[in-house]
There are 2 protein chains.
Amino acid sequence: MFGKDLLVRMLDRRDTLPRDEIALIEALPVRPVTFGPDEEIVREGSRPAESCLIANGFAVRNQTIREGRRQITAIHVPGDFVDLHSLLLKVMDHSVSALGSCDVVFIRHKDLLTAMGGSPHLTRMLWLSTTIDTSIQRTWITCLGRRSAEQHLAHVICELYVRLEIVGLASDQTFAIPLTQAELGDVLGLSIVHVNRTLQELRAKDLVSWKDRRIVILDFQRLALLADFDATYLNLFHEPR
Amino acid sequence: MFGKDLLVRMLDRRDTLPRDEIALIEALPVRPVTFGPDEEIVREGSRPAESCLIANGFAVRNQTIREGRRQITAIHVPGDFVDLHSLLLKVMDHSVSALGSCDVVFIRHKDLLTAMGGSPHLTRMLWLSTTIDTSIQRTWITCLGRRSAEQHLAHVICELYVRLEIVGLASDQTFAIPLTQAELGDVLGLSIVHVNRTLQELRAKDLVSWKDRRIVILDFQRLALLADFDATYLNLFHEPR
DNA sequence: CTCGTCCATTAAACAATGTGAATGAGCCCT
DNA sequence: AGGGCTCATTCACATTGTTTAATGGACGAG
């Protein structure tokens, strides 16, 4: 529990985790904390001695720039080891904050190092989880740079659906996520007004419905085609790593 | 040599590499290959059994989208372990190609695993190198999403200068890089025409000169201020990792 | 030398996106 | 019921960026 089961599920989707490695993860001491909407989980500029794993709810990473504007560089779902990289980066160059109410568990770097010390494969699996994050970010770069606002939004919706499905939080073409249009703008790099316009376009084409924090994908196939969505980057292959 | 000295230099800038770990790196068998301009080093969709390190020259990662358009998601300089992540990702979701003439060395995954097997710290240092890539990508996302074309271009120039300085390829506010305006457009997510306009703006402000594949930064301080450039994300801190 | 090619540059029309302001729906608080 | 909030929506207009096309310089091949 405490989200560690979801982490195992997320990793096990990519390569079988042997019993002893699962045991190492389950044995990690955790410090559970619940954050309210918009509360800061990890502060920019801080030097964390622990990493946090999402047990329930959502979190975003954001970089702030001058004049209070910000860009969300990642959306994290339950099972994501949000700032595992702080283990290596030491100083946070961005912050992590809760999207809606969010339960996380903190795990000390010290304990992580101990657990990984005896298991090169477990180390690689955790490394893999950061690598998948990177892969997602590459795709976001492409969406930001070379796709239209409409394609980009469609792409984000497809991605969230697939990622949430892995941890059992999406099915039947629908999922819940507490994302306002303003926050969506910070994800897409668009103004609120344009997010709204873009959302209308997808609605007009009967591709999605987005209401009361719940998204329904009316035609995944057409949505994915419009977005040019190809799930390869999510690394859903189960194989030796 | 073969670029491994640069890799060591790049890592050693972040945490002292003990002699035995340097020896492990130096002992890695390499397969050197030289690529011509625009040649593909790693192909999208392939399943590499080796990772490549840049010894000399530059390489870019790019994702292609419909109609031959593309987005460059990273620029790699000598010393960069370009597709170290293929060790874990297995299937490439993007390609890597040479920018100008580029010498790389390929290192078998098998040999990397062996070298890392006995050294958790070396493993972390290599992991760190992929994590720095991620950090750079996060910053690119922010540039794409929330900064003006002018700021974005200025930011890229500042970043390249700092990164090249580490490996001794930039000094006195100048460095050479074989990047055409079309390619720059694929980095910034802009049209060629707009890249040109944006470059003119920086020239008009006497911030940079960009001619014959050589960039001269006329006023780093003002350029960094304009770009809102903060080098924290490049992790230039030397400390235990 | 001359042709062809690559690259940088410019112009003008057009499309995409941002800004600022106003409105209304829903909801919590009292 | 009323007030004050957040959020979604819409409008008019400003700004930024794209597209297409044309031009000229540099350079290598023949």
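Below, read A as the first sequence line, B as the second, and so on, with proteins coming before strands; counting in each chain starts at 1.
- End-to-end axis angle of the helix from C/dC1-D/dG30 to C/dT30-D/dA1, from C1' rotation axes over five pairs per end: 40° (rounded to 10 degrees).
- For the residue pair A/Ala59 and A/Ile41, the shortest heavy atom distance occurs at CB-CD1, 4.0 Å.
- Of all the residues in residues 181-195 of chain B, B/Gly189, B/Leu190, B/Ser191, B/Val193, B/His194 reach under 4.0 Å from DNA chain D with at least one non-hydrogen atom.
- Within 4.0 Å (heavy atoms only), B/Arg147 reaches no atom of the nucleic acid at all.
- Using a 4.5 Å heavy-atom threshold, the side chains of B/Asn62 and B/Ser97 count as touching.
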Donor-acceptor pairs are to be reported for all side-chain atoms of residues 175-192 of chain A against protein atoms at under 3.5 Å, with residues two or more places apart or in another chain.
from	atom 1	to	atom 2	distance (Å)
A/Thr180	OG1	A/Ala182	N	3.4
A/Thr180	OG1	A/Glu183	N	3.1
A/Thr180	OG1	A/Glu183	OE1	3.2
A/Gln181	OE1	A/Asn196	ND2	2.9
A/Glu183	OE1	A/Thr180	N	2.9
A/Asp186	OD1	B/Arg146	NH2	2.7
A/Asp186	OD2	A/Arg70	NE	2.9
A/Ser191	OG	A/His194	N	3.2

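- Side-chain contact check for B/Leu226 versus B/Leu202: some heavy-atom pair is nearer than 4.5 Å.
- Of all nucleotides in DNA chain C having an atom under 4.0 Å from a heavy atom of chain B, the first and last in 5' to 3' order are C/dC7 to C/dA11.
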Could you walk me through whether B/Asp206 and B/Asp219 pass side-chain contact (heavy atoms from CB on, under 4.5 Å), step by step? CA-CA 8 Å; B/Asp206 286 321; B/Asp219 188 336; over 6 Å; no
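- For the pair B/Asp103/B/Pro32, no side-chain contact is recorded, criterion being any heavy-atom separation below 4.5 Å from C-beta on.
- In terms of heavy-atom proximity, B/Val208 sits nearest to B/Ile157 at CG1-CD1, 4.0 Å.
- For the pair B/Glu40 and B/Phe35, the tightest heavy-atom approach, listed with the atom from each and the gap, is O-CE2, 3.5 Å.
- If you find the closest nucleotide of DNA chain D to A/Trp210 and to A/Arg197, the one lying nearer the 5' end belongs to A/Trp210.
- B/Arg61 and B/Asp133 are joined by a salt bridge, as a carboxylate oxygen and a charged side-chain nitrogen come within less than 4.0 angstrom of each other.
- For the pair B/Trp140/B/Thr73, no side-chain contact is recorded, criterion being any heavy-atom separation below 4.5 Å from C-beta on.
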Does the pair A/Val91 and A/Arg47 meet the rule for a side-chain contact (heavy atoms from CB on, under 4.5 Å), with working shown? CA-CA 5 Å; A/Val91 179; A/Arg47 301 176 62 96; 3.3 Å; yes
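- Residues B/Ile54 and B/Val77 are not in side-chain contact: their nearest non-hydrogen atoms beyond the backbone lie 4.5 Å or more apart.
- The nearest heavy atom of DNA chain C to B/Arg146 and to B/Arg213 marks one nucleotide each, and the one closer to the 5' end goes with B/Arg213.
- Contacts between chain B and DNA chain D, taken as any atom within less than 4.0 angstrom of a protein heavy atom, begin and end at D/dG17 to D/dT20.
- Pairs of residues two or more places apart, or lying in two chains, never qualify as salt bridge (charged side-chain N to carboxylate O under 4.0 Å, His left out) while including a residue from residues 164-175 of chain B.
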